[in-house]
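Scroll down for the structure; my scribbles are underneath it.
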Number of protein chains: 2
Amino acid sequence: MTSADTPLKPCHGPAGEQDAPRRGRPRSEAAEQAIYAAVEKLMEDGTGLSELSIERIAAEAGVGKATIYRRWPNKEALLVDVVARLEEPLPPLGGPTYRDDLISAVDYMRRRGLIKRSRWIVRSALGQMNAWPELKHTYHERVVHPRREMVRQIVRRGVAAGELRADLDVELLCEMLIGPILLRTVLWDDAPLEDPDLPRQMVDAALQGIGARPPVPPVPPVPPVPRVSSAS
Amino acid sequence: MTSADTPLKPCHGPAGEQDAPRRGRPRSEAAEQAIYAAVEKLMEDGTGLSELSIERIAAEAGVGKATIYRRWPNKEALLVDVVARLEEPLPPLGGPTYRDDLISAVDYMRRRGLIKRSRWIVRSALGQMNAWPELKHTYHERVVHPRREMVRQIVRRGVAAGELRADLDVELLCEMLIGPILLRTVLWDDAPLEDPDLPRQMVDAALQGIGARPPVPPVPPVPPVPRVSSAS
DNA sequence: GGCTTACGATACGAGACCGTCTCGTATTGA
DNA sequence: TCAATACGAGACGGTCTCGTATCGTAAGCC
């Protein structure tokens with residue numbers, strides 16, 4: 001069920017390949033890559049999930065339909081492999097502070113959001129994947145769940161260290177931290193994402209709050225502040 | 001272009017109705033309501049945008065296809081009217097403080113998120129509306145733009161009053177405030193939304209920040225702050 | 001060379017949907 | 001009464017897609 005017992009095995013490669021060495025003409029690796037490339041190109045062109053037909057993919061790849069059906073039993077299986085292939089590994093954690101890890105995580109989201117294929121998948125996933133349970137499951141298992149677990153882990157570390165408020169729900173803490181970047185990467189087309197400093201701004205804004213108050217210096221190089229806590 | 005010159009006129013009602021009093025049998029209001037109800041029912045059942053065919057709508061409504069085509073020229077026009085009909089008016093602003101307005105705005109989002117039709121539209125909008133420019137435009141003009149403008153207006157009021165940090169981008173401020181609720185209403189199926197106190201928690205968490213620090217009394221009874229604006 | 005399999009291309013049947021049109025019937029105004 | 005329009009139902013031609021099958025050809029193993 002969970003991704004614990006299925007440790008994200010690569011799972012790549014179309015079905016039926018590891019068996020006995022085939023006898024006749026071997027399958028063309030080039031054709032396979034052309035198929036993947038065609039799907040990704042169509043995604044980046046903004047093709048809707050319903051317009052993404054096998055025939056269109058075959059035409060775009062310069063490949064016969066049979067070459068696709070020889071590898072995947074149907075469109076859903078192909079897309080499952082495409083989704084599984086696309087995700088880059090999560091960023092390594094274990095930075096000096098939990099704040100560094102948070103910034104890394106948000107920056108990972110930012111970089112993913114800059115990739116059109118990635119955005120395409122998220123948006124298609126939201127509206128259309130109800131009809132495609134296997135694809136939805138794979139997407140959730142390989143993309144959604146690992147990301148959420150990563151953020152939760154960092155947040156719990158911050159809470160345990162007494163550096164994040166313990167009076168708030170962990171879910172709410174996570175949402176406060178990644179909400180802004182997810183909005184920009186998923187919901188809004190025109191949102192700017194290029195600034196590499198954006199994740200730091202977002203994380204520090206979430207940590208310090210956006211309400212005006214006697215300015216508190218940003219967290220890292222705490223300089224001596226004359227008046228900080230009027231009450232303990 | 002903008003919604004300024006088109007002040008959100010009701011725009012309801014299928015085409016061709018305001019002319020001379022028709023001669024023959026008048027159009028059935030019941031059929032019209034049945035069509036709208038059928039679309040909304042299919043939305044709530046999770047039907048994907050691509051499975052939402054005219055024939056299915058007609059069958060669900062117990063109506064002939066011609067009765068639909070007599071009112072709308074195609075599926076897109078029908079859905080435009082459905083979307084336009086669905087939105088409830090934005091909450092009134094002008095609460096005692098900008099914080100009250102923020103909570104009202106977030107609570108509006110929360111209540112919208114509890115309505116399955118509303119979620120369906122948002123999700124479908126994200127992935128599929130590229131192919132349907134008129135529908136996308138209507139949705140943006142009647143839903144997205146007014147909401148964003150409402151939040152921006154509140155935020156600007158807070159900034160002008162010196163109660164929101166002026167060193168952050170207005171867009172970022174908005175995202176910090178409505179990010180968490182939009183995540184729960186749009187992206188995550190299983191997120192709890194029932195708690196009516198949720199908007200207050202979210203707004204106050206955004207204002208005060210989620211970093212642990214010497215507790216600061218909640219915002220409302222703003223203590224007299226000696227130094228506010230160092231720069232205009 | 002012969003066997004086997006993959007290749008691109010394309011024909012095929014099945015089925016969903018679109019938008020139009022035609023039934024027979026119902027409901028209005030003139 | 002009668003013309004006009006709407007109604008539900010569904011046939012119709014057209015388009016699109018799916019998944020299978022069949023070409024002639026290409027590329028490996030024996």
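Proteins come first, then strands; the chains are lettered A, B, ... in the order of their sequence lines, and each starts at number 1.
- Comparing B:Ile54 and A:Gly64 along DNA chain C, the residue whose closest nucleotide (by nearest heavy atom) sits nearer the 5' end is A:Gly64.
- Proximity of a side-chain donor or acceptor of A:Thr185 to a complementary backbone N or O of A:Leu182 within less than 3.5 Å is detected.
- For D:dC29, the OP1/OP2 oxygens have no side-chain nitrogen or oxygen of A:Arg25 closer than 4.0 Å.
- Close to D:dT5, at under 4.0 Å from its OP1 or OP2, lies no side-chain N or O of B:Arg27.
- At a threshold of 4.0 angstrom between heavy atoms, the contacts of B:Ala66 include nucleobase atoms, whether or not backbone atoms are also involved.
- A side-chain donor-acceptor contact under 3.5 Å links B:Arg110 to the backbone of B:Leu193.
- Side-chain N/O atoms of A:Arg23 include none lying less than 4.0 angstrom from OP1 or OP2 on D:dC30.
- Residues B:Arg56 and B:Leu52 are not in side-chain contact: their nearest non-hydrogen atoms beyond the backbone lie 4.5 Å or more apart.
- Rounded to an integer number of Å, the gap from CD of B:Gln33 to P of D:dA6 is 18 Å.
- The residue among A:Glu55 and A:Gly24 whose nearest nucleotide of DNA chain D lies closer to the 5′ end is A:Glu55.
- Remark: A:Arg71 is in phosphate contact with C:dC7, judged by side-chain N or O atoms under 4.0 Å from OP1 or OP2.
- Between B:Tyr139 and B:Trp120, the distance from one ring center to the other does not fall under 6.0 angstrom.
- Rounded to an integer number of Å, the gap from CD of B:Glu32 to P of D:dG8 is 12 Å.
- Taking only side-chain atoms of A:Tyr69, from C-beta outward, the nucleotide of C:dG19, D:dC18, C:dG8 with the closest atom is D:dC18.
- Interface remark: the B:Lys65 side chain does form a donor-acceptor pair with the C:dG19 base, using a distance-only criterion of under 3.5 Å.
- In this entry the distance linking CD of A:Glu60 with P of C:dA9 reads 13 Å, nearest Å.
- For the pair B:Ser28 and D:dA6, the criterion of a side-chain N or O lying under 4.0 Å from OP1 or OP2 is not met.
- Distance A:Glu51 CD to D:dT15 P: 18 Å, rounded to the nearest Å.
- Counting to the nearest Å, the P atom of C:dG19 and the CH2 atom of B:Trp72 are 14 Å from each other.
- You'll find the side chain of A:Glu40 reaches within 4.5 Å of the side chain of A:Arg85, heavy atoms only.
- Distances shorter than 4.0 Å separate some side-chain N or O of A:Lys75 from OP1 or OP2 on D:dC18.
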